[in-house]
Amino acid sequence: MAILVTGGAGYIGSHTVAELKEHGEEVVVVDNLTTGHRGAVLDTPFYAMDLRDSEQMIAVLKKHNVDAVVHFAAYSLVGESVKSPLKYYENNVAATAKLLSAMVEAGVSRIVFSSTAAVYGEPERMPIEESAKKEPTNPYGETKLAIEKMLDWCYQAYGLKSIRLRYFNAAGAHATLPIGEDHRPESHLIPLVLQVALGQREAVSVFGDDYPTPDGTCIRDYVHVSDLASAHRLAVLRLRSREGGAESFNLGNAQGFSVNEVIEVARKVTGHPIPAVKVARRAGDPAALVASSQQAREMLGWQPKYTDLSSMVASAWTWHQAHPNGYEDVDSPVRS
Ligand SMILES: NC(=O)c1ccc[n+]([C@@H]2O[C@H](COP(=O)([O-])OP(=O)(O)OC[C@H]3O[C@@H](n4cnc5c(N)ncnc54)[C@H](O)[C@@H]3O)[C@@H](O)[C@H]2O)c1
Ligand SMILES: O=c1ccn([C@@H]2O[C@H](COP(=O)(O)OP(=O)(O)O[C@H]3O[C@H](CO)[C@@H](O)[C@H](O)[C@H]3O)[C@@H](O)[C@H]2O)c(=O)[nH]1
């Protein structure tokens, strides 16, 4: 029995592969390396292929006797999705439909899906509970919500059980293994801030300071990537038990930090002044997103270990200092 991880060469996927293997699971990775890195896949069977290659996908599912899929592979940038929505519908919704068809064909009936805080849009109440209204403010969130609904119907039609993990903002890096965050081009706040501290950028841009928040900058709930990884393992265990059918859980720390606060924490962690420049808002950004993860704690038994923002930033800083140019494998996208 094996777990197939799509997008296992990416940031959160590679940490989840590590977590699953640490707990004795057999893992196989499928990734087309559009945004992932061959160097992030450590001693694990790896297929450099696209989700949409149905024939090959069915063969891999059967060959490795896969009993559950953990599905990370997607495009996931809010700003880009506003500019290129069809790219997101094709690679997220259409490609996931192909993956699910392959699973049905191969008789695999469990999937853990990477959903997102972006399904909620502008929340009415904070912290956000799973039952909150879902009105995404960007195409990225819309594609993830569409997939959640597709999974509901697939449970009814084929008995395909799913757990949708709605992560808030992933941060940090593995405590011991040489894996961390390396998106190209980088667009996430924490790695960009740390690139300034490394002397690779002159300043970080603050996207908007006129939001309805105490300091005017956007608030997000940061969650350590290794804590996200542990939730995926617990979700697979739940799907293998008699529990569940089609369920969704938020993953966050119920604590929000503004963009300015994140930069301030990074200044303390790195000892660098990290200049910040105010620029216009980025389209598609909700003002504030903070999670209630009570259900994940109660129903999955999830207990995040690295909940303090300084330690998340410090673990990312350790990775960035050790890998100032990110992964150095030849298959990685060009860095900019
Ligand atoms: N990073 C975050 O803060 C965050 C928060 C919420 C949800 N998510 C979701 O988590 C998942 C992983 O995010 P990440 O930050 O690790 O992203 P990532 O870009 O590092 O990883 C995605 C991986 O999927 C692969 N991939 C993409 N399309 C593919 C395809 N068609 N076939 C095969 N492989 C493909 C990429 O090469 C990459 O390795 C995504 O689904 C994202 O939407 C991320
Ligand atoms: O140079 C930058 C980059 C980001 N931000 C702001 O920082 C916050 C965090 O941005 P970013 O790190 O890009 O993450 P998000 O856009 O919040 O999205 C992440 O978190 C979402 C869940 O909340 C996931 O769904 C997405 O996949 C993931 O990229 C946002 O308010 C941005 O406007 C800046 O001010 N300057």
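- Of the possible polar contacts, one joining the Glu122 side chain to the Ala287 backbone as a donor-acceptor pair under 3.5 Å is found.
- In terms of hydrophobic clustering, with Ile, Leu, Val, Met, Phe, Trp and Tyr side chains grouped at heavy-atom distances under 4.5 Å, Phe257 and Val290 are assigned to different clusters.
- Put simply, the side chain of Thr44 gets close to the backbone of Leu42: a donor and an acceptor are under 3.5 Å apart.
- By the neighbour-count criterion of 12 heavy atoms within 6.0 Å, atom CD of Gln303 is sparsely surrounded, having that number or fewer from other residues, nucleotides or ligands.
- No donor-acceptor contact under 3.5 angstrom links the side chains of Tyr158 and Ser109, judged on distance only.
- In this structure, Leu160 is a member of the same hydrophobic cluster as Leu4, with clusters built from ILVMFWY side-chain heavy atoms closer than 4.5 Å.
- Shown here for Arg282 and Ser187, the closest heavy-atom pair between the two residues is NH1-O, 3.9 Å.
- A continuous path of ILVMFWY side-chain contacts below 4.5 Å connects Val225 to Trp302, so both sit in one hydrophobic cluster.
- Taking 4.0 Å as the cut-off between side-chain N and carboxylate O, Asp210 and Lys278 do not count as a salt-bridged pair.
- What you find for Asp152 and Ala246 is that their closest heavy atoms are OD1-CB, 3.7 Å.
- Every side chain to side chain contact (heavy atoms under 4.5 Å, CB included) that Lys62 has, sequence neighbours left out, goes to Ile58, Ala106.
- Using a 4.5 Å cut-off on side-chain heavy atoms (C-beta onward), Val60 and Met49 make contact.
- With a 6.0 Å radius and a threshold of 12 heavy atoms from other residues, nucleotides or ligands, Lys63 has its NZ atom at or below the threshold.
- Pro304 is not listed as a side-chain neighbour of His224, based on a closest heavy-atom distance of 4.5 Å or more.
- Under the 4.5 Å side-chain criterion, counting only non-hydrogen atoms from C-beta, Arg52 is in contact with Asn91.
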Inset, instruction - Give the C-alpha distance, both sets of side-chain angles, the deciding distance and a yes or no for side-chain contact (heavy atoms from CB on, under 4.5 Å) between Leu194 and Trp319. - result: CA-CA 10 Å; Leu194 296 179; Trp319 153 261; over 6 Å; no
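- Within 6.0 Å of CD in Glu129 there are 12 or fewer heavy atoms belonging to other residues, nucleotides or ligands.
- For the atom pair OG of Ser76 and OH of Tyr167, the computed distance is 10.0 Å after rounding to the nearest 0.5 Å.
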Legend entry - Tyr140 and Glu80: CA distance, side-chain angles, deciding distance, side chain to side chain donor-acceptor pair (under 3.5 Å) verdict: CA-CA 9 Å; Tyr140 164 62; Glu80 182 187 62; over 6 Å; no
Inset, instruction - Could you go through the side-chain contact (heavy atoms from CB on, under 4.5 Å) check for Leu151 and Leu100 one step at a time? - result: CA-CA 9 Å; Leu151 288 167; Leu100 297 178; 3.8 Å; yes
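- Within the 4.5 Å cutoff, no side-chain heavy atoms of Phe168 are placed close to those of Arg220.
- Among all heavy-atom pairs drawn from Val41 and Gly8, the shortest one is CG2-O, 4.0 Å.
- Counting all heavy atoms, side chain and backbone alike, Ser315 lies closest to Ala173 at OG-N, 2.9 Å.
- Side chain of His15 to backbone of His174: a donor-acceptor contact under 3.5 angstrom is found.
- Put simply, the side chain of Ser311 never gets that close to the backbone of Thr307: no donor and acceptor are under 3.5 Å apart.
- Val204 is listed as a side-chain neighbour of Leu189, based on a closest heavy-atom distance under 4.5 Å.
- Within 6.0 Å of the NZ atom in Lys21, the count of heavy atoms belonging to other residues, nucleotides or ligands exceeds 12.
- In summary, the side chains of Asn260 and Ser258 do not present any donor paired with an acceptor at a separation below 3.5 Å, with no hydrogens or angles considered.
- Interatomic distance, CD1 of Ile111 versus OG1 of Thr6, reported as 7.0 Å (0.5 Å rounding).
- Ring geometry for Phe72 versus His232: interplanar angle of 30 to 60°, hence tilted.
- Residues Pro324 and Leu198 approach most closely at CA-CD1, 4.2 Å, considering heavy atoms.
- Partners of Lys134 by side chain to side chain contact (heavy atoms under 4.5 Å, CB included), not counting sequence neighbours, listed by chain and number: Val119, Tyr120, Leu145, Arg166.
- Annotation: side chain of Ser115 is not in contact with side chain of Ile147 (no heavy-atom distance under 4.5 Å).
- Checking side-chain atoms of His71 against main-chain N and O of Thr96 turns up no donor-acceptor pair under 3.5 Å.
- Counting all heavy atoms, side chain and backbone alike, Asn138 lies closest to Ser81 at CB-OG, 4.0 Å.
- Not less than 6.0 angstrom separates the ring centroid of Tyr222 from the ring centroid of His188.
- In this structure, the side chain of Glu186 engages the main chain of His183 through a donor-acceptor pair within 3.5 Å.
- Side-chain N or O atoms of Arg267 include one that pairs as donor or acceptor with a backbone N or O of Ile274 at under 3.5 Å.
- The shortest distance between side-chain heavy atoms of Phe113 and Met150 does not fall below 4.5 Å.
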Inset, instruction - Could you check Thr270 against Val193 for side-chain contact (heavy atoms from CB on, under 4.5 Å), going step by step and ending with a plain yes or no? - result: CA-CA 10 Å; Thr270 62; Val193 167; over 6 Å; no
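- Taking hydrophobic clusters as Ile, Leu, Val, Met, Phe, Trp and Tyr residues chained together by side-chain heavy-atom distances below 4.5 Å, Phe46 does not share a cluster with Val66.
- Evaluation of the side chain to side chain contact (heavy atoms under 4.5 Å, CB included) rule for His23 yields Glu19, Arg233 as partners, not counting sequence neighbours.
- The structure places CZ of Arg240 at 7.0 Å from CZ of Arg110, a figure rounded to the nearest 0.5 Å.
- At a threshold of 4.5 Å between side-chain heavy atoms, the hydrophobic network of Ile, Leu, Val, Met, Phe, Trp and Tyr places Leu309 and Trp317 in one connected group.
- For Tyr88 (side chain) and Val93 (main-chain N/O), no donor-acceptor pair under 3.5 Å exists by modelled atom type.
- Between Cys218 and Tyr211, some side-chain heavy-atom pair lies under the 4.5 Å cut-off.
- Using a 4.0 Å cut-off between charged side-chain N and carboxylate O, Asp50 and Lys98 make no salt bridge.
- With rounding to the nearest 0.5 Å, the separation of CG in Asn253 from CG in Asp227 is 7.0 Å.
- The closest donor-acceptor contact from the side chain of Ser205 to the backbone of Val277 lies at 3.5 Å or more, if one exists at all.
- Counting only distance, with no hydrogens or angles, the side chain of Asp182 and the backbone of Tyr327 share a donor-acceptor pair below 3.5 Å.
- Here the CG-CG distance, from Asp221 to Asn250, works out to 9.0 Å after rounding to the nearest 0.5 Å.
- Atom OG of residue Ser226 and atom OH of residue Tyr306 lie 5.5 Å apart, to the nearest 0.5 angstrom.
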Legend entry - Residues Lys144, Ser114; criterion side-chain contact (heavy atoms from CB on, under 4.5 Å); working and verdict: CA-CA 8 Å; Lys144 292 286 180 169; Ser114 297; 4.1 Å; yes
